[in-house]
Amino acid sequence: MVASFPGLLSRGELLNLLHNSTTVSRVHQVHAQLITRALFSDPFVASRLLSTICELSAHVPASYADLVFSQSHQPSTFSWNTIIRFHVRSSNPNKAVLLFARMRQAGVLTDHYTYPFVLKACALLAGLEEGAAIHGDVLKKGLGEDPFVMNGLISLYCKGGEIAAARKLFDGSRSRDLVSWNSLMAGYVSRGDTAEAGRLFDAMPERDAFSWAVLIDGYGKKAGDVSRARDLFDKMPNKDLVCWNSMIDGYVGLGMIRAARELFDVMPERNVISWSILIDGYVKHGDPKEALELFQSMLGQGVRPDVISAAGAISACSQLGALDQGRWIHSYVKKHNILLDVVVETALIDMYMKCGSLDLARLLFDEMPRKSVVTWSVMIVGLGMNGFGCEAVELFYQMERRGATMDDLTFLGVLTACTHARLVCEGREIFDRMRRDFRVEPKVEHYGCLVDLLGRAGRLQEAREVIETMPGKPTSSLWGSLLASCRTHRCVELAEVVVEKLKKLGADDGGVYVIMSNIYAAEGMWNQVWKMRKLMRDRGMKKETGRSVIEVDGTIHEFVHGDCSHPHDEEIYEVLGSLSNAMP
DNA sequence: ATAGGGTTAG
């Protein structure tokens with residue numbers, strides 16, 4: 001590598017070369033040269049090397065930056081600032097704060113360049129105490145009117161929820177600039193006070209694209225008022241990419257996919273974020289097929305996907321059971337060196353699980369260096385869903401032994417796994433331990449699981465007691481679940497009680513009477529059956545049509561209840577018939 | 001100072 005340089009370069013030439021390095025491997029080459037030329041001990045050279053590395057922060061492993069920093073002799077304020085900035089930028093605020101503390105311990109001078117980055121780190125950590133101490137420091141040094149430092153403080157207080165403190169600084173400042181206005185406005189937006197954000201917007205002496213984007217996002221996504229967002233969007237003079245994306249995301253947030261799509265289709269330029277927003281919109285609002293098509297056209301237009309857009313597409317595959325496409329996307333991202341992170345890997349595991357490919361899921365799971373709560377939960381849910389309830393519970397216990405934190409969805413997963421595997425005692429025990437041992441407050445959904453678990457096992461009275469003694473108001477879905485169990489276990493009396501409860505809650509839709517009439521039919525109570533049917537007719541009730549989708553060999557098939565238009569229609573119904581015969 | 005990602009079952 002070193003040989004690629006012609007002859008020996010002078011200090012100046014190397015510095016120049018360094019200045020023009022735009023890739024990590026180029027920096028490595030220059031680094032090697034600096035060492036062979038014994039120039040690395042030159043503090044100025046070392047600091048230039050470090051800052052070049054930090055310029056490329058997105059592509060540089062933190063360990064490399066740390067190494068170069070630790071090898072420099074008596075790093076200057078500039079070098080300290082650089083390494084702190086590096087860690088802030090690579091979203092490692094902990095490290096940045098730590099380095100700042102060491103910087104002060106070492107007695108190195110801190111300056112107006114140091115503070116904005118440390119403050120940013122504190123803001124990311126919501127470290128208000130730390131930040132307030134730094135505020136004191138800033139004042140002592142007389143840096144309170146430096147716009148960068150002050151803006152750092154404003155956004156620190158905004159992120160920490162102390163908007164009043166931010167406002168006080170803002171109001172009392174002589175040197176506030178456009179960024180200060182924008183920061184404060186963003187602060188109001190993030191705490192949901194779009195009205196005050198709007199007032200600031202109107203009062204601003206000048207506005208830039210940030211100002212508009214903050215408020216478009218505030219009205220649209222944060223406040224759910226897309227028409228105001230749209231007004232603003234239409235009024236904006238030179239719309240930039242960000243505000244198009246924010247506006248589209250505003251529509252997506254409310255499920256207005258058509259409107260989102262219309263804007264997407266006419267926007268002058270798109271980036272991978274625009275595509276992600278829409279892909280995710282389709283995923284979240286029930287059209288995973290369209291999401292995948294969109295992902296493919298994105299690739300077709302030569303837009304390089306990143307982890308986030310891939311996560312959306314993979315999610316779509318999970319919903320569709322599209323194993324082939326899911327595997328294809330997996331190998332695509334690997335082939336194109338798109339770094340997988342915990343989130344996509346979790347999405348992949350979920351996809352493999354939902355597509356019934358337990359081996360591939362397990363393989364990924366075991367090889368993951370870092371797992372999140374979601375990763376564990378997805379695995380537990382998947383095992384349960386695929387009929388491995390015992391393994392799911394076992395994994396839950398393993399999670400406990402590892403001391404991993406659990407959240408409400410972990411419990412939802414393990415409880416549903418128990419339901420599937422009829423593990424009534426385990427489920428009951430885990431439910432009881434939720435609050436006691438894990439300090440996770442059970443929500444209605446957890447009560448729903450418990451009711452389901454007990455009800456399916458035929459312990460109908462216990463299930464009813466759970467509903468009637470739970471804290472808070474039981475929802476109709478709890479009674480609905482109990483009603484389903486009443487049908488399974490042919491308990492007419494309780495079913496009638498439940499229907500009364502549902503009626504009181506105004507939740508007696510078509511589905512309820514369908515079940516009730518089935519219950520009567522099973523007992524041969526035909527008079528009651530007719531009564532139910534008549535009731536439904538009189539009220540014009542209909543049960544929603546059942547439907548499902550699955551991919552086979554790359555083609556996506558959709559099935560709708562009662563539909564006979566599939567080319568393999570007869571065979572399908574034959575298999576279906578034999579399956580339901582085989583089921584207990 | 002502004003835009004995008006993973007989990008329940010029915």
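In the text below, chain A, chain B and the rest are named by the order of the sequence lines, each starting its count at 1.
Ring centroid separation for the pair A:W376 and A:F396 does not come in under the 6.0 Å cut-off. Close placement of the A:W275 and A:F264 rings is indicated, their centers lying within 6.0 Å of each other.
Counting to the nearest Å, the P atom of B:dA3 and the NZ atom of A:K239 are 19 Å from each other. B:dA1 atom P lies 15 Å from atom CZ of A:F170, rounded to whole Å. As a whole-Å value, the separation of A:L339 CG from B:dG6 C1' is 17 Å. Between the NZ atom of A:K159 and the P atom of B:dT2 there is a distance of 5 Å, rounded to whole Å. With rounding to whole Å, A:I216 atom CD1 is found 14 Å from B:dT2 atom P. When the P atom of B:dG6 is taken as reference, atom CH2 of A:W376 falls 22 Å away, rounded to whole Å. Taking atom CZ of A:R422 as the reference point, atom P of B:dA9 lies 15 Å away to the nearest angstrom. What separates CE of A:M185 from P of B:dA1 is a distance of 13 Å, to the nearest Å.
A:N386 places no side-chain N or O within donor-acceptor distance of the main-chain N or O of A:F388, the cut-off being under 3.5 Å.
A donor N or O paired with an acceptor N or O is found under 3.5 Å between the base of B:dA3 and the side-chain atoms of A:N271. Within 3.5 Å, no donor on the side chain of A:D452 pairs with an acceptor on the base of B:dG10, nor the reverse. Contact of A:D341 with B:dG5 (side chain to base): a donor-acceptor pair of N or O atoms is detected under 3.5 Å. Between the side chain of A:S315 and the base of B:dG5, no donor-acceptor pair under 3.5 Å is found.
Across A:V149 and A:L119, no two heavy atoms sit closer than the pair O-CD1, 3.6 Å. In plain terms, the two heavy atoms of A:L460 and A:G455 that are nearest each other are CD2-O, 3.8 Å.
The residue A:V344 sits close to a base: some heavy atom pair falls under 4.0 Å. Among the protein residues, A:R456 comes within range of the sugar-phosphate backbone only, with heavy atoms under 4.0 Å from sugar or phosphate atoms but none that close to a base. Using a 4.0 Å heavy-atom distance criterion, A:T419 is classed as making no nucleic acid contact. Nucleic acid contact class of A:V252 (heavy atoms, under 4.0 Å, all strands): none. A:V343 comes within contact range of at least one nucleobase, with a heavy-atom separation under 4.0 Å. Here A:T375 lies in heavy-atom contact (under 4.0 Å) with a base. Within the nucleic acid shown, A:K371 has no heavy atom closer than 4.0 Å to any nucleic acid atom. Looking at heavy-atom distances under 4.0 Å, A:N151 makes no contact with the nucleic acid at all. Base engagement by A:V342 is indicated by at least one non-hydrogen atom pair under 4.0 Å involving a base atom. Residue A:I277 is in sugar-phosphate contact alone, with no base atom involved, counting any heavy-atom pair closer than 4.0 Å across all strands shown. A:V242 comes within contact range of at least one nucleobase, with a heavy-atom separation under 4.0 Å. Contact annotation for A:M385: backbone-only contact, meaning every heavy-atom pair under 4.0 Å involves sugar-phosphate atoms and none involves a base. Heavy atoms of A:V374 sit under 4.0 angstrom from at least one base atom. Using a 4.0 Å heavy-atom distance criterion, A:V307 is classed as a base contact.
Out of B:dA3, B:dA9, B:dT7, the shortest distance to the side chain of A:T416 is found at B:dA9. Set against B:dA1, B:dT7, B:dA3, the side chain of A:K222 has B:dA3 as its closest nucleotide. The nucleotide whose nearest atom lies closest to any side-chain atom of A:H420 is, among B:dG4, B:dA9, B:dA1, B:dA9. Comparing B:dA1, B:dT8, B:dG4 against the side chain of A:D306 picks out B:dG4 as the nearest.
Using modelled atom types, one finds no donor on one side chain facing an acceptor on the other under 3.5 Å when comparing A:N182 with A:N151.
Within the structure, every side-chain polar atom (N or O) of A:K354 is placed at least 4.0 Å from both OP1 and OP2 of B:dT7. The phosphate of B:dT7 has neither OP1 nor OP2 within less than 4.0 Å of any side-chain N or O from A:K284. For B:dG4, the OP1/OP2 oxygens have a side-chain nitrogen or oxygen of A:K221 closer than 4.0 Å.
Paired with A:I467 under the rule side chain to side chain contact (heavy atoms under 4.5 Å, CB included), one option of A:L450, A:V498, A:T475, A:V451 passes, and it is A:V451.
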